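What follows is a set of notes on a single structure, which appears directly below.
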Amino acid sequence: MDAPDAPGDRSGGGSRAPPPERTQLPELIRRKRDGGRLSEGHIRAFVRAVVDGSAQGAQIGAMLMAVRLRGMDLEETAALTRALAASGQQLEWPEAWRPQLVDKHSTGGVGDKVSLVLAPALAACGCKVPMISGRGLGHTGGTLDKLESIPGFTVIQSPEQMRGLLEHVGCCIVGQSQRLVPADGVLYAARDVTATVDSLPLITASILSKKAVEGLSALVVDVKFGEAAIFPSRAQARELAEALVGVGAGLGLRVAAALTAMDKPLGRSVGHSLEVEEALLCLDGAGPPDLRDLVTRLGGALLWLSGMAEAQADGAARVAAALDDGSARSRFQRMLAAQGVDPELARALCAGTPAQRGELLPRAREREELRAPADGTVEQVRALPLARVLHELGAGRSRAGEPLRPGVGAELLVDVGQRLRRGTPWLRVHRDAPTLSDPQRRALQGALVLSDRAPFAAPSPFAELVLPPPARAPPDTRQ
Ligand code: URA
């Protein structure tokens, strides 16, 4: 957490009287703790204290927990979103770019490498994608952490550098910084280590504040539901989707929210460098069908929402074509080189075979295959126990700012719906630890759910799209 542990004015105010809000922080926390509402002024005061360092870490944690337990209504959530967005700079782009400015964000999943593929694919379709993304949160993986497993990749880019990236590449994937939504940076890191991730208003404000500064014409948020999602129940995820769409509309943002299942990992790889490799496969026009399905659907929805495609299906076909003809991969290569990766490494990664790519990215020290304990059809591969064990092995953080082990991860060697024989390898674990503990091995074996059913085709993770108000986006009847 960036906030100091002791109070103190670091803003250099000299003889100025302390701002009245600062002395009120305990009162604001008490008010929320007791179930009261916070006014826009209260919320701005809290966010200001977070950014100027006058809020103690304990106070930030207490307020986050109070909000997690007591919630916020939509007005408070919108006020928090505005205050977080206003904590940094608003990005400004040439007027001619307006219709092309789009972005996608996810509430967080396991194996979710969609952003790595979709940003360059959209750029190849003529969009400008100024993606401000996040790090791992709880057991879910973070886009920035995945990209940082590529040697040299730099997620901190100034607004001026972002403009250059959009001009020359069409997309960038960056982190919040001192200039971009700094308050979200502090709260995001604090939530990750204070069990306050699963809060509807905190998620809504965190996501939309980053997007509000991007000056977008359209945003799609992938709201996960299922065992490994931040909100497991579809009803709760729908509530979050509606909050994102509604609060977004209030901020002048055209937001659609896709509800997608997160029971099994997306694709076949989990872990930072392994997911980069799988994203590259998708950018080759290949890779796991569930990943490609989600990339093309979300991209199709965005192209339609921004008016760049007549229907979602047309947009999806354009995204698929950009994957198949190599233009999306070429944008990815250019983005890597423009964001600090040695151009020769970027070229080798994008042009290489899967085996060659594996040699260019960080690798864990050991690999170990787990075997099916019985005959059966793969009913499910549960993402949650898998993610928790990988987290323990170093793929996630327990303290803010902790370094990650980029090569740690797992490859699924089987698909949902597939028939398996006892003893068949089903999971390859990549670990730096000398061995898996017995509880870890048991938890991983518990992730494989077998049944007596006949083999079946794995379902698409996509469930539904929650659209902005009809007056602003007529329902698409062509898909
Ligand atoms: N992504 C974010 O940016 N914030 C959240 O709270 C969850 C996912």
Side-chain angles (χ1 to χ4, degrees), residues 1 47 50 60-61 63-65 67-68 71-72 76-78 80-85 87-88 103-116 118-119 129-147 155 173-177 180-214 216 219-226 228-232 236-237 239-245 247-248 251 253 255 257-260 262 266 294 298 383 387 396-397 400:
M1 201 179 298
V47 170
V50 166
I60 295 174
M63 179 62 101
L64 291 172
M65 187 56 80
V67 172
R68 162 65 183 79
M72 278 182 155
E76 290 175 288
T77 308
L80 179 60
T81 309
R82 284 191 292 272
L84 294 177
S87 69
D103 196 6
K104 167 264 167 191
H105 202 88
S106 158
T107 57
V110 178
D112 182 359
K113 66 281 294 173
V114 166
S115 294
L116 274 61
L118 187 53
V129 190
M131 186 180 281
I132 304 177
S133 197
R135 298 196 175 275
L137 204 53
H139 65 273
T140 66
T143 296
L144 301 179
D145 297 322
K146 291 170 201 186
L147 283 166
V155 301
I173 305 182
V174 308
Q176 64 68 226
S177 62
L180 290 177
V181 224
D184 181 59
V186 180
L187 297 189
Y188 196 90
R191 283 169 58 211
D192 193 28
V193 293
T194 54
T196 52
V197 169
D198 55 343
S199 155
L200 187 148
L202 295 179
I203 298 171
T204 303
S206 166
I207 293 178
L208 291 183
S209 60
K210 291 191 276 287
K211 304 300 148 176
V213 304
E214 291 179 7
L216 300 176
L219 168 69
V220 166
V221 186
D222 179 0
V223 180
K224 308 283 190 194
F225 64 93
I230 293 182
F231 286 131
Q236 272 181 308
E239 210 184 314
L240 173 58
E242 281 164 1
L244 286 160
V245 171
V247 173
L251 297 169
L253 259 178
V255 185
L259 289 179
T260 73
M262 180 34 70
L266 187 63
L294 206 51
L298 297 176
R397 297 183 178 84

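Not measured: the values here are computed from a predicted model. Remember, it's 1-based here, ligands and their atoms both numbered in the order they're listed.
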Query raised in the report: Tell me, which protein residue and heavy-atom name are nearest atom 4 (N) of ligand 1, and how many Å apart are they?
Result: Ser206 OG, 2.7 Å

Query - Straight-line distance of Tyr188 OH to Lys210 NZ, nearest 0.5 Å - result: 5.5 Å

Report summary line: Asp198 meets the salt bridge (charged side-chain N to carboxylate O under 4.0 Å, His left out) criterion, sequence neighbours left out, with Arg68

Report task. Tell me which protein heavy atom sits closest to atom 7 (C) of ligand 1, plus the residue, atom name and distance to 0.1 Å. Result -> Leu137 CD2, 3.6 Å

Query raised in the report: Can you tell me if Ser209 and Asp184 form a side-chain donor-acceptor pair at under 3.5 Å?
Result: no

Report task. Determine, considering heavy atoms only, which of Lys224, Arg191, Lys210, Gln176 sits nearest to atom 3 (O) of ligand 1. Result -> Lys210

Query raised in the report: How far does CG of Leu144 sit from CD of Gln176, to the nearest 0.5 angstrom?
Result: 9.0 Å

Query raised in the report: Will you find, in the side chains of Lys104 and Ser115, an N or O donor that is under 3.5 Å from an N or O acceptor?
Result: yes

Query raised in the report: For ligand 1, is there an atom lying under 4.0 Å from some heavy atom of Ser106?
Result: yes

Report task. Go through ligand 1 atom by atom and flag the ones less than 4.0 Å from a non-hydrogen atom of Ile207. Result -> 1 (N), 2 (C), 3 (O), 4 (N)

Report summary line: The side chain to side chain donor-acceptor pair (under 3.5 Å) partners of Lys146 (sequence neighbours excluded) come to Glu275

Query - Closest protein heavy atom to atom 1 (N) of ligand 1, given as residue, atom name and distance to 0.1 Å - result: His105 NE2, 3.1 Å

Query raised in the report: Numbering the atoms of ligand 1 from 1, which are under 4.0 Å from a heavy atom of Thr107?
Result: 7 (C), 8 (C)

